[in-house]
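Since the structure comes first, as structure tokens, the remarks are kept for the end.
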Number of protein chains: 2
Amino acid sequence: MGVMARAATTSDAFNAIAEPQRRDILMLLRAGERPVTDLAQELGMSQPGASKHLRVLREVGLVRVREVGKQRLYGLDADGLRPVREWVGGFERFWNESFDRLDTYVQDLKQARQED
Amino acid sequence: MGVMARAATTSDAFNAIAEPQRRDILMLLRAGERPVTDLAQELGMSQPGASKHLRVLREVGLVRVREVGKQRLYGLDADGLRPVREWVGGFERFWNESFDRLDTYVQDLKQARQED
DNA sequence: CCATCATATTCCCATATCGGCATGTGACAA
DNA sequence: TTGTCACATGCCGATATGGGAATATGATGG
């Protein structure tokens, strides 16, 4: 049994979207399916680079591939974002509270000004 | 100047929440401020481990520290999740569409069965 | 079959990252 | 001041990761 010096590889959606370039790919794919070379060129990355990122995205279910002739068209599978969406959603109420706090702060400022 | 073999370190919210343990910390903090040792114990991690994760979370603005006596109370700063929330929000419509696609698929299945 | 286009994979390097452990540091109490 | 508590930091080992370059694979056309 090997020494576990690092937590098990987090190959999930959270990990996949931690990479800016992978986020870029996903955003591009909102406009529709695209072949690899297209993506690489559009995003200024090498073809192998694009392929590697796409592999990660595919493995976590964020994109789908469809083979058309020589090409492989990659398409968005937004359902893969569900875990992220749900996790972030769990903070919704705090998100609002921070606005409340800001509001309170502003109110305090106004009051302080009036007291001058 | 060294060789840039990896993209500039992504020290942003996306990166911070890519770690399961850090997500756990944030979720725990929804219940209120907590000292480091508390968090470590509750989540079954070492004190240094907790401190390091908290440092990352602090650096990307996901938590705040408040010093009280010997202790340092860490509190949630949900506003730091805004970039993630907004990015994911950009896929809202595809999220719905995927349901539509599933629905279409199911309809197709029904039709295929009837044609047998 | 052979050449070519599109894409995937492999190898290598440099670096980032996590965990454990030991140690440093700052506040408070005796 | 000295001891202790709560926490941060430093160092190390193992591993994960991204980019570049070269190469393999797979489908298509001739």
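Proteins get letters first, then strands, A, B, ... in listed order; numbering begins at 1 in each. Bear in mind the structure is a predicted one, so any value in this text is a computation, not a measurement.
- In this structure, CD of B/Glu33 is placed 13 Å from P of D/dC7, rounded to the nearest angstrom.
- The side chain of A/Arg55 contributes an N or O atom lying less than 4.0 Å from OP1 or OP2 of C/dT9.
- Contact between the side-chain N/O atoms of B/Tyr74 and the OP1/OP2 oxygens of D/dA8 is found at a separation under 4.0 Å.
- In this structure, CZ of A/Arg66 is placed 16 Å from C1' of C/dA6, rounded to the nearest angstrom.
- We find that CD of B/Glu19 is positioned 17 Å from P of D/dT15, with the value rounded to whole Å.
- Salt bridge present: A/Arg85 and B/Glu92 bring a charged side-chain N and a carboxylate O closer than 4.0 Å.
- A straight line from NZ of B/Lys70 to P of C/dA30 spans 10 Å, rounded to a whole angstrom.
- OP1 or OP2 of C/dT17 lies within a sub-4.0 Å distance of a side-chain N or O belonging to B/Asn15.
- Salt-bridge formation is detected for the pair A/Glu59/A/Arg55: a Lys NZ or Arg NE/NH1/NH2 atom is positioned less than 4.0 Å from an Asp or Glu carboxylate oxygen.
- Note on A/Arg30 versus A/Asp24: no salt bridge recorded, every NZ/NE/NH1/NH2 to OD/OE distance being 4.0 Å or above.
- Remark: P of C/dG19 and CG of B/Leu54 are 12 Å apart, rounded to the nearest angstrom.
- Regarding B/Glu59, its CD atom lies at a distance of 12 Å from the C1' atom of D/dA8, rounded to whole Å.
- Checking the phosphate oxygens (OP1, OP2) of C/dG19, a side-chain nitrogen or oxygen of B/Gln21 falls inside 4.0 Å.
- Under a 3.5 Å cut-off, the side chain of B/Arg64 and the backbone N or O of B/Asp77 do not form any donor-acceptor pair.
- Backbone-only engagement by B/Arg22 is indicated by non-hydrogen atom pairs under 4.0 Å involving sugar-phosphate atoms exclusively.
- Residue B/His53 places at least one side-chain N or O under 4.0 Å from the OP1 or OP2 atom of C/dG19.
- Contact of A/Lys52 with D/dG20 (side chain to base): a donor-acceptor pair of N or O atoms is detected under 3.5 Å.
- Nucleotide D/dA6 holds its P atom 16 Å from the CD atom of B/Glu42, rounded to whole Å.
- Residue A/Ser51 places no side-chain N or O under 4.0 Å from the OP1 or OP2 atom of C/dT9.
- Judged by distance alone, with hydrogens and angles left aside, B/Gln47 brings no side-chain donor or acceptor close enough to the base of D/dA6 to form a pair under 3.5 Å.
- As judged by a 4.0 angstrom heavy-atom cut-off over every strand, B/Pro48 is placed among the base-contacting residues.
- If A/Met45 and B/Val65 are placed on DNA chain D by their nearest nucleotide, the residue sitting closer to the 5' end is B/Val65.
- Heavy atoms of B/Gly49 sit nowhere under 4.0 angstrom from any nucleic acid atom.
- One atom, CZ of A/Arg72, and another, C1' of C/dC5, lie 15 Å apart when rounded to the nearest Å.
- Annotation: cation-pi geometry satisfied between A/Arg23 and B/Phe14 (NZ/CZ under 6.0 angstrom from ring centroid, within 45° of ring axis).
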